[in-house]
2 protein chains.
Amino acid sequence: MATANQPTSGNGDFEKIDASFQITVRDHVHRAMRSAIISGRFQPGQKINERKLAEQFGVSTTPIKEALRQLETEGLVEALARRGVVIRFSSSWAEEMILARAALESMIAHLAAKRIDENGREELRAIANRMKEATASGDADSLITLNETFHDHIHRSSQCGYLAKLIERQQFYDASIRRVIHLDPTERQKALNEHVAIADAIAAGDADRAERTMRDHVVRSGDTYLSIVFKKQGEI
Amino acid sequence: MATANQPTSGNGDFEKIDASFQITVRDHVHRAMRSAIISGRFQPGQKINERKLAEQFGVSTTPIKEALRQLETEGLVEALARRGVVIRFSSSWAEEMILARAALESMIAHLAAKRIDENGREELRAIANRMKEATASGDADSLITLNETFHDHIHRSSQCGYLAKLIERQQFYDASIRRVIHLDPTERQKALNEHVAIADAIAAGDADRAERTMRDHVVRSGDTYLSIVFKKQGEI
DNA sequence: ATTTCAAATCTGATATATCAAGTTTCACAC
DNA sequence: GTGTGAAACTTGATATATCAGATTTGAAAT
């Protein structure tokens, strides 16, 4: 093992530097393309030309191909053998991504309610309290951060690494739109009520209620997002 | 558009040849690796060497890299920037894949119950009846096929393309083990009862019951599978 | 024996070249 | 005008080459 992070004279409790800090070209391309697709900058069915894309990014086709494989596995593009890739994203796809997230987040909330320990409960309540304050003061930026913290904490409490990863791939919120939503006091209050209900259920160890409240929250907030981005309501 | 599939003298209702018939090297590698990982032929944490793998498959590293990107997005391996990929699969990962499938299949069953039409209902009942016969006669091969037909039909009835794709990636059944399970009369009967309950709920348009029965079915049959492969019970 | 550190080596990341399947173009026949 | 088909072109699939970060090695210093 590497010794650089555990010098003989140190106490050794440093965390290893996360290799994911180093951004590769393929990851940059992947993120850029994902963001572009999800925010509707490509038409459904539109063909993607590897060489042109490589030229636009100013790189070779190798990292492009890799990024496209990732997008393909995510379900955002479809690869036709020897005919290239086409965009597969529309409002209906987005609706289904929300449903997928609802299904997975509610499953993870269920498990979190069963597995959370006392420290986790305290931390969860603390996060909820900070959310109350930020909601009252209308601090949209804090709310966006706290929202991530909240869900991350639940993911960790569930002890589900795979499910948490899977959920990440159902995420397609755009920061700017998120801020727009959080700037609306009514929306802000709705989200807070839901978050508090979820936190209560998990802290109380009520797995079924945690599941239900989480699902409702994800679907409702997802629909709000959709109605802004696609000017239409999703439905379950 | 291509005219080859729509000759002027024909009626035009031929389906286009699916481009996925043409197997590429990267897909072959992807499937082979996925199968190998899922059936435990790699140790968790084991490092994968691209060049060696390419040599084993007798191909260049390009399709290998692409296949690894797909596995990475599926969550079966982890890529550390500039340090290569390591296997991320263990019994706990398998348990979570079952939970993911349960969450997604139950969501899709919920929607199928709401969206299925009369033709779909009839077809669903017909499949269930064929399952009854195959169960009675102990025809394991037919049951394996019918099982796929059953779930596929529900996927189609839900009209959810994205969710159906996502579910595919949570599948890790091995045909041989599947047969072992279906050869046990008790298991066979349990599965039949569950399938019938699911079909009834969907045909009756009872979305909540469809969701519940589907979830129970996926979790229970998944646990049966796990107990055989990993010699241990999963839990929810 | 242990530490240090630079050279050698390994290996993933990226670039470039080649190959072959798919598409388009257009002259030609009917 | 319509259909045919071969050549030209396009482009994804694969192979190979190059680059650079990470790891290993081993000799020198302590």
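Every chain is numbered from 1, with letters handed out A, B, ... down the list of sequences. Hydrogens, waters and symmetry mates are skipped; everything else that's a heavy atom, side chains included, is used.
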Asks: Hey, which of these two, B:P63 or B:K47, hits DNA chain D nearer its 5' end, going by closest nucleotide?
Replies: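 Looking at the nearest nucleotide for each, B:P63 comes out on the 5' side.
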Asks: Checking all strands, does B:V85 fall into the base, sugar-phosphate, or nothing category for heavy-atom contacts under 4.0 angstrom?
Replies: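 Nothing, no nucleic acid heavy atom in range.
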Asks: Whole angstrom is fine here: how far is it from NE2 in B:H28 over to P in D:dA13?
Replies: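 Roughly 17 Å, once rounded to whole Å.
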Asks: Is B:T62 side chain donor-acceptor paired with the D:dA15 base, going by distance under 3.5 Å alone?
Replies: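 Result: at least one qualifying N/O pair found.
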Asks: Could you check B:Q170 against A:Y162 for side chain to side chain donor-acceptor pair (under 3.5 Å), going step by step and ending with a plain yes or no?
Replies: CA-CA 11 Å; B:Q170 316 310 322; A:Y162 180 81; 2.4 Å; yes
Asks: Verify the neighbour count for atom CD of B:Q46: are there more than 12 heavy atoms of other residues, nucleotides or ligands below 6.0 Å?
Replies: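 Yes - once you tally the heavy atoms of other residues, nucleotides and ligands closer than 6.0 Å, there are more than 12.
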Asks: Is there a donor on the side chain of A:R51 or the base of D:dG12 sitting less than 3.5 Å from an acceptor on the other?
Replies: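 Result: at least one qualifying N/O pair found.
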Asks: What's the separation between atom NE2 in A:H153 and atom CD1 in A:I202, rounded to the nearest 0.5 Å?
Replies: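 Going from NE2 on A:H153 over to CD1 on A:I202, the span is 8.5 Å.
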Asks: Measure the distance from CG on B:D27 to P on D:dG12 and round it to the nearest whole Å.
Replies: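 To the nearest whole Å, that distance equals 16 Å.
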Asks: Please give, in whole Å, the distance from C:dA21 P to A:N49 CG?
Replies: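 Computing the A:N49:CG to C:dA21:P distance gives 19 Å.
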Asks: Report the distance from atom CD of B:Q22 to atom C1' of C:dA21, rounded to the nearest whole Å.
Replies: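 Roughly 8 Å, once rounded to whole Å.
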Asks: What's B:L68 touching, base or sugar-phosphate or nothing? Going by heavy atoms closer than 4.0 Å.
Replies: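 Answer is nothing: B:L68 stays at 4.0 Å or more from every strand.
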Asks: Rounded to whole angstrom units, what separation is found between the NZ atom of A:K52 and the C1' atom of D:dC9?
Replies: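 My rounded result for the distance is 13 Å.
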Asks: Anything under 30° is parallel, anything over 60° is perpendicular, the rest tilted; go ahead and classify A:F230 against A:F89.
Replies: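 Geometry flag for A:F89 against A:F230: tilted rings.
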Asks: Between P on C:dT14 and CZ on A:R26, what's the gap in Å once rounded to a whole number?
Replies: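 Rounded to the whole Å, the gap is 7 Å.
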Asks: What's the CG-C1' distance between B:L53 and D:dA15, to the nearest Å?
Replies: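 It works out to 16 Å between those atoms.
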Asks: Please tell me which of B:V59 and A:G84 maps to the more 5' nucleotide of DNA chain D, matching each residue to the nucleotide holding its nearest heavy atom.
Replies: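 Taking each residue's closest nucleotide, the earlier one in sequence belongs to A:G84.
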Asks: May I ask you to say what A:T24 touches in the nucleic acid, namely base, sugar-phosphate or nothing, with a heavy-atom cut-off under 4.0 Å?
Replies: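 If one applies the 4.0 Å heavy-atom cut-off, A:T24 turns out to touch the sugar-phosphate alone, with no base involved.
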Asks: In whole Å, what is the span from the CD1 atom of A:I23 to the P atom of C:dA13?
Replies: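 It is 12 Å, rounded to the nearest whole Å.
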Asks: Hey, does A:I48 reach any base, or is it just sugar-phosphate, or nothing, if we go heavy atoms under 4.0 Å?
Replies: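 Sugar-phosphate, no base atom in range.
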Asks: State whether A:E168 and A:R34 are salt-bridged, where the test is any N-O pair (Lys NZ or Arg NE/NH1/NH2 against Asp/Glu carboxylate O) under 4.0 Å.
Replies: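 A:R34 and A:E168: not salt-bridged.
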